[in-house]
Number of protein chains: 2
Amino acid sequence: MQTVDKAVELLGYFSERQPEFGLSELARTSGFDKASTRRLLLALIKHDYIEQNPTTKAYRLGIGVLRLARVRETSTPTEAIVNPLLQKLVAITGESAHFSLLSGGRISSVGIVESSKSNRISFVQGEEGAIHATSSGIVCLAFSSDESINEVLKDGLEAFTEHTITDARQFRKMLQAVRNEGYHINHELYEKDVCSIAAPVFNQAMRPIGALAVAAPTSRFGSGAKKQILTAVYEAAAAASRAFGAEIDGSKL
Amino acid sequence: MQTVDKAVELLGYFSERQPEFGLSELARTSGFDKASTRRLLLALIKHDYIEQNPTTKAYRLGIGVLRLARVRETSTPTEAIVNPLLQKLVAITGESAHFSLLSGGRISSVGIVESSKSNRISFVQGEEGAIHATSSGIVCLAFSSDESINEVLKDGLEAFTEHTITDARQFRKMLQAVRNEGYHINHELYEKDVCSIAAPVFNQAMRPIGALAVAAPTSRFGSGAKKQILTAVYEAAAAASRAFGAEIDGSKL
DNA sequence: TCATGCCGGTTCACTATTATCACCAGTAGT
DNA sequence: ACTACTGGTGATAATAGTGAACCGGCATGA
């Protein structure tokens with residue numbers, strides 16, 4: 001089924017940042033031969049999961065994916081589960097909260113509820129974050145397979161701020177700590193003056209499917225606020241996991 | 001790429017009506033061997049497009065599809081285009097309007113704005129309709145390839161009401177009329193006491209990607225209302241097509 | 001004006017893959 | 001204890017996918 005792997009891998013390359021690809025471009029990105037890439041694309045086009053702009057010849061995701069998402073959402077609702085929890089998080093902590101989805105080694109925020117404060121952290125729907133520097137990414141990775149972790153490490157850990165952890169050994173140590181504690185407190189690893197706390201959300205198979213997180217400016221991230229946010233996030237994530245069918249003891253804190 | 005075809009064909013079997021499949025069940029439905037079906041599913045699972053309920057062992061669509069839909073929606077917004085048009089249709093006609101998506105030989109309503117009248121036609125998000133009996137299905141099919149049409153005909157035309165067209169020759173004749181006129185007026189072909197008017201929405205490649213439709217009880221479907229609905233639907237569909245990049249002359253009526 | 005290099009797309013000899021069937025273990029009903 | 005399902009697996013027979021080289025078209029630049 002290596003052909004199938006390749007085909008779905010192609011789908012993974014389409015992102016918010018790059019929603020369109022030329023043929024050669026996609027072949028280069030994926031590492032597949034141009035001829036193979038084209039054949040794979042044609043197969044996907046046949047089923048409406050890819051479409052081609054007839055004027056620019058560029059390939060993009062097709063309408064078929066909308067149907068799939070709709071089926072998935074009505075049968076096993078994600079937004080319906082996550083949104084009320086986000087609302088509650090914002091109500092309790094007064095800071096922006098968001099839910100990020102882990103899929104194909106990428107982490108992207110899909111649900112966002114912002115704080116009503118004027119100095120708040122803002123997120124963009126679907127924005128992709130660095131998996132090794134955002135709190136959501138780190139908690140997901142901590143509970144992922146070793147292969148996933150190695151995959152991230154082999155490309156090197158890009159530094160976003162002076163606090164970003166770029167040393168592989170140190171990074172692994174941090175992941176171990178996250179596994180023990182069940183959450184991660186992020187002090188400006190990704191962006192200056194932004195701190196956040198995230199906890200993983202598991203599915204029925206106990207695999208991390210994403211994370212709930214609350215982010216605040218460093219100035220409002222005192223130890224009191226930190227404790228409050230931590231318990232709120234941890235409990236919300238546990239509730240989400242339970243809603244997705246995971247069995248969580250819920251009393252780790 | 002026949003393996004890819006099969007894999008994505010599997011995805012197509014998941015629907016609102018049947019969002020979960022057992023292994024043998026899916027093998028029977030698809031006609032593939034059980035072993036092959038399993039291998040295909042494993043490949044899809046690896047990329048999060050399918051997930052398995054660990055207790056019931058049933059397979060369902062995975063979270064990966066949500067990411068795809070989000071990428072597609074932010075790069076080439078569908079709802080953002082369609083919803084205002086639906087609102088306008090309801091405002092003009094006073095009846096319920098909806099947008100249906102054509103994908104993989106299926107037609108399912110993805111955008112719905114209901115009339116404010118108490119006696120109105122109600123739709124369910126994502127509900128699948130018979131492609132040969134609903135106005136949306138008929139207009140899409142009329143502008144689809146001959147293969148698609150033959151595909152529908154070969155399974156026979158199921159009768160839903162006494163007005164449903166079940167004769168293949170008569171059905172082809174109707175499609176020809178739709179191609180000439182650019183719309184279809186449905187008089188209780190699918191449901192008793194429900195009439196509707198639909199016009200196709202095209203993409204940049206001038207392929208029908210769906211249809212806009214307005215539905216009303218037969219009692220309110222007089223010739224005056226009919227004319228008003230027709231022009232409104234036709235113009236809204238042309239506007240949608242233009243928004244999707246199709247080149248529509250717009251003055252066929 | 002000609003050369004270079006990239007683009008999307010295609011061809012065909014070469015090589016890898018996938019399909020199928022029989023089978024296993026488990027479970028529910030008779 | 002027998003039957004008939006279920007989910008899942010493994011080895012051989014049969015079929016599929018791969019990729020270097022190529023095409024025409026289009027820009028860029030000498």
> Checking side chain to side chain contact (heavy atoms under 4.5 Å, CB included) for the pair B:Ser75/A:Leu61: CA distance, chi angles, key distance, verdict?
Replying inline: CA-CA 9 Å; B:Ser75 65; A:Leu61 292 174; over 6 Å; no
Does a salt bridge link B:Arg72 with A:Glu51, judged by any charged N lying under 4.0 Å from a carboxylate O? yes
Checklist line | A:Arg70/B:Glu79 ion pair, N-O < 4.0 Å | finding: yes
Only residue of A:Thr134, A:Val178, A:Leu175, A:Val233 satisfying side-chain contact (heavy atoms from CB on, under 4.5 Å) with A:Val139 is A:Val178
I'd like to know if the side chain of [X] and the backbone of [Y] have a donor-acceptor N/O pair within less than 3.5 Å.
{"X": "A:Ser36", "Y": "A:Phe32", "result": "no"}
{"X": "B:Glu73", "Y": "B:Thr78", "result": "yes"}
{"X": "B:His132", "Y": "B:Leu153", "result": "no"}

Here the residues of residues 19-41 of chain A within 4.0 Å heavy-atom distance, strictly under, of DNA chain D are A:Asp33, A:Ala35, A:Ser36, A:Arg39
Q) Does the side chain of B:Tyr59 come under 3.5 Å of the side chain of B:Arg38 through a donor N or O and an acceptor N or O? A) yes
So the contacted stretch of DNA chain D, first to last nucleotide with an atom under 4.0 Å from a non-hydrogen atom of chain A, runs from D:dG17 to D:dA20
Within the pair A:Thr3 and C:dT17, is there a side-chain N or O less than 4.0 Å away from OP1 or OP2?
no
For A:Leu212 and A:Ala240 the tightest heavy-atom approach is CD1-CB, 4.2 Å
Parallel, tilted or perpendicular: which fits the ring planes of A:Phe21 and A:Phe14, with parallel below 30° and perpendicular above 60°? perpendicular
Bend of the helix from C:dT1-D:dA30 to C:dT30-D:dA1 from end-axis comparison, five pairs per end, nearest 10°, comes to 30°
